[in-house]
2 protein chains.
Amino acid sequence: MSGIISNVNIIVSDKIFLKNPESSLLGRRIISGSIDLIDEVGFECFTFRKLAMQIQSTEASVYRYFENKQRLLLYLSCWYWGWLEYRLVFRMANIDSAEERLNRAIHLFAERVEEDGSFEHINEVKLNRIVISESSKAYMNKLVDEENKIGAFAAYKQLVERVSKLVLEIKPDYKYPHMLISAVIEDAHQQRFFAEHLPKLTDSIKGEDSIVEFHKDLVFKALEIK
Amino acid sequence: MSGIISNVNIIVSDKIFLKNPESSLLGRRIISGSIDLIDEVGFECFTFRKLAMQIQSTEASVYRYFENKQRLLLYLSCWYWGWLEYRLVFRMANIDSAEERLNRAIHLFAERVEEDGSFEHINEVKLNRIVISESSKAYMNKLVDEENKIGAFAAYKQLVERVSKLVLEIKPDYKYPHMLISAVIEDAHQQRFFAEHLPKLTDSIKGEDSIVEFHKDLVFKALEIK
DNA sequence: CGAATATAATAGTATTACTATTAAAATAAA
DNA sequence: TTTATTTTAATAGTAATACTATTATATTCG
């Protein structure tokens with residue numbers, strides 16, 4: 001995918017950061033540097049000190065943008081969900097058939113992410129890897145309710161809501177639209193991780209992207225289409 | 001569920017621990033204490049020092065059983081998967097119909113866990129909560145391939161393999177049996193977490209356990225049964 | 001221009017993860 | 001039974017990490 005529109009910003013709730021990293025050069029270097037570093041060493045080995053060294057700044061300066069590394073990870077996740085929704089809206093634009101729109105949504109959730117040139121300081125491929133293997137650490141903790149209160153998951157919920165409505169448009173009496181969509185989104189990520197590290201938990205068929213095909217099959221059968 | 005058989009042990013790969021916690025009183029206190037403490041404060045705030053204080057021992061003594069807290073968490077996860085498989089085999093015993101066996105498997109994966117009296121030093125309800133919200137931290141990291149090599153996921157893979165075979169027994173040409181089962185297992189946990197903390201991502205219908213019903217509906221439609 | 005404000009760097013502290021070493025207890029061999 | 005060996009646990013650390021108080025340096029704005 002190549003950049004859709006230049007000069008577009010993904011908006012992230014301003015409760016997540018102390019100072020908006022989009023607002024300064026250092027802020028953007030914090031984002032791009034943290035994406036590189038987390039992807040390289042993993043979230044547990046990632047520290048603000050190492051990040052500061054990599055971007056030629058100081059630990060204390062990073063702390064002026066984010067309260068702690070969990071918040072930074074939460075920021076990256078939020079940005080990612082916002083970005084996904086932006087691309088979702090684009091891909092569904094001007095498509096009349098609801099079924100085709102749903103098909104495109106599943107594709108977007110399940111397919112391998114490719115470089116998107118729209119955002120200079122963000123490497124979307126690395127960010128996708130981070131969201132797959134690290135993002136649960138941003139919300140699977142005792143602070144989740146607090147984070148939820150400050151709107152950290154608004155983008156994610158909105159994304160699920162949007163596609164759930166589409167599900168109901170196709171099959172108004174389907175009982176579990178939200179579960180179906182959140183399951184597909186989460187599982188698509190999970191299966192990418194499994195495919196790479198625990199392939200016995202997956203099925204791979206050559207000539208197709210099985211993660212995409214599995215989820216399409218699952219959803220359309222759940223909605224009794226075709 | 002009440003204890004099936006007394007004097008049964010769930011076997012965990014001996015590469016995960018330095019000394020088998022089942023082999024001593026202190027070891028069992030480490031297990032039961034860590035379950036209580038992780039459930040109470042979460043994995044990030046859990047430390048061997050706090051655990052030692054709680055069980056009236058020392059940090060160094062805990063380190064004689066487990067290399068680090070991630071390994072202890074991995075042990076708890078492995079024990080849980082072993083326990084699940086043990087219960088799965090029991091529940092499917094003497095049931096002729098493959099469909100009914102699959103139905104029981106999905107139930108087991110998706111239903112709320114209740115106290116099982118079989119293992120004195122393990123509180124299964126708390127352990128289930130830990131597996132739901134913390135276990136991904138045991139394998140979603142840069143060491144997953146190493147952990148996989150030492151057999152840390154053998155029980156999990158065996159569980160998925162067992163039910164995947166059952167899927168193929170019912171529908172031999174189904175293309176994604178492993179994905180279907182690993183998706184159900186993971187998603188059932190995920191949805192329990194969502195239901196508690198991010199209910200907008202789920203659907204709840206009173207009078208039924210929607211997490212169980214959703215997954216049954218999903219699987220049986222995927223296999224085109226009924 | 002000067003005052004107010006924002007930004008970043010220095011230099012810390014408290015906590016955490018982990019280890020080297022020693023003491024005590026349990027077990028095995030003579 | 002006594003001595004040797006091994007196992008287990010406690011003491012007392014170290015190095016790294018997460019985070020903060022304070023000061024210095026820019027930048028902005030009236």
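These figures come from a predicted structure and were not determined experimentally. When reading the values below, keep in mind they use all heavy atoms of this one structure, side chains included, and skip hydrogens, waters and symmetry mates. In the text below, chain A, chain B and the rest are named by the order of the sequence lines, each starting its count at 1.
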**Student:** Return all side-chain donor-acceptor pairs below 3.5 angstrom for residues 151-162 of chain A, not counting sequence neighbours, or 'none' if the list is empty.
**Tutor:**
from, atom 1, to, atom 2, distance (Å)
A:Tyr156, OH, A:Glu186, OE2, 2.5
A:Lys157, NZ, A:Asn148, OD1, 2.8
A:Gln158, NE2, A:Glu85, OE1, 3.1
A:Gln158, NE2, A:Glu85, OE2, 3.2
A:Glu161, OE1, A:His178, NE2, 2.8
A:Arg162, NE, A:Glu85, OE2, 2.9
A:Arg162, NH2, A:Glu85, OE2, 3.1

**Student:** Output the rounded distance in Å from CG (B:Leu18) to C1' (D:dA9).
**Tutor:** 14 Å
**Student:** Write out a two-atom table: protein N or O, nucleotide N or O from nucleotides 10-17 of chain C, distance below 3.5 Å.
**Tutor:**
from, atom 1, to, atom 2, distance (Å)
C:dA17, OP1, B:Lys69, NZ, 3.4

**Student:** With A:Tyr80 as reference, evaluate A:Ile130, A:Val12, A:Asn128 under the side-chain contact (heavy atoms from CB on, under 4.5 Å) test and give the passing residue.
**Tutor:** A:Asn128
**Student:** What integer distance in Å separates A:Leu72:CG from D:dA18:C1'?
**Tutor:** 14 Å
**Student:** In chain order, what residues pass the side chain to side chain donor-acceptor pair (under 3.5 Å) check against A:Arg104, with sequence neighbours excluded?
**Tutor:** A:Glu100
**Student:** Go through B:Lys137 and B:Glu134 one step at a time and tell me if the salt bridge (Lys or Arg N to Asp or Glu O under 4.0 Å) criterion holds.
**Tutor:** CA-CA 6 Å; B:Lys137 295 160 194 167; B:Glu134 316 287 357; 2.4 Å; yes
**Student:** If the helix axis at each end comes from five base pairs, how far does the helix from C:dC1-D:dG30 to C:dA30-D:dT1 deviate from straight, to 10°?
**Tutor:** 10°
**Student:** Salt bridge or not between A:Lys126 and A:Asp36? Use side-chain N to carboxylate O under 4.0 Å.
**Tutor:** yes
**Student:** Quick one: is the NZ or CZ of B:Lys69 closer than 6.0 Å to the six-membered ring centre of B:Phe43, and within 45° of its axis?
**Tutor:** yes
**Student:** To the nearest angstrom, how far is A:Glu67 atom CD from D:dT17 atom P?
**Tutor:** 21 Å
**Student:** Kindly write out the residues that satisfy ring pair (Phe, Tyr, Trp, His ring centres under 6.0 Å) with B:Phe109, not counting sequence neighbours, or none if the list is empty.
**Tutor:** none
**Student:** Where do N or O atoms of nucleotides 4-7 of chain C meet protein N or O atoms at under 3.5 Å, pair by pair?
**Tutor:**
from, atom 1, to, atom 2, distance (Å)
C:dT7, OP1, A:Lys19, NZ, 2.5
C:dT7, OP2, A:Lys19, NZ, 3.4

**Student:** Would you find a donor on one side and an acceptor on the other, under 3.5 Å apart, between the side chain of A:His197 and the backbone of A:Phe193?
**Tutor:** no
**Student:** Return the value, rounded to whole Å, for the distance between atom CE of B:Met53 and atom C1' of D:dA10.
**Tutor:** 16 Å
**Student:** So B:Phe194 and B:Pro199, do their side chains get closer than 4.5 Å, heavy atoms only?
**Tutor:** no
**Student:** Taking only side-chain N and O atoms of B:Ser57, does any of them lie within less than 4.0 angstrom of OP1 or OP2 on D:dA10?
**Tutor:** yes
**Student:** Rounded to whole angstroms, how far apart are CZ on B:Arg71 and P on C:dC18?
**Tutor:** 11 Å
**Student:** When the distance from CG of A:Leu51 to P of D:dT17 is rounded to whole Å, what number comes out?
**Tutor:** 13 Å
**Student:** Classify the ring geometry between B:Trp81 and B:His189 as parallel (under 30°), tilted (30 to 60°) or perpendicular (over 60°).
**Tutor:** tilted
**Student:** Any ion pair linking A:Glu111 and A:Arg91 (charged N to carboxylate O, less than 4.0 Å)?
**Tutor:** yes
**Student:** Rounded to whole angstrom units, what separation is found between the CG atom of B:Asn20 and the C1' atom of D:dT7?
**Tutor:** 15 Å
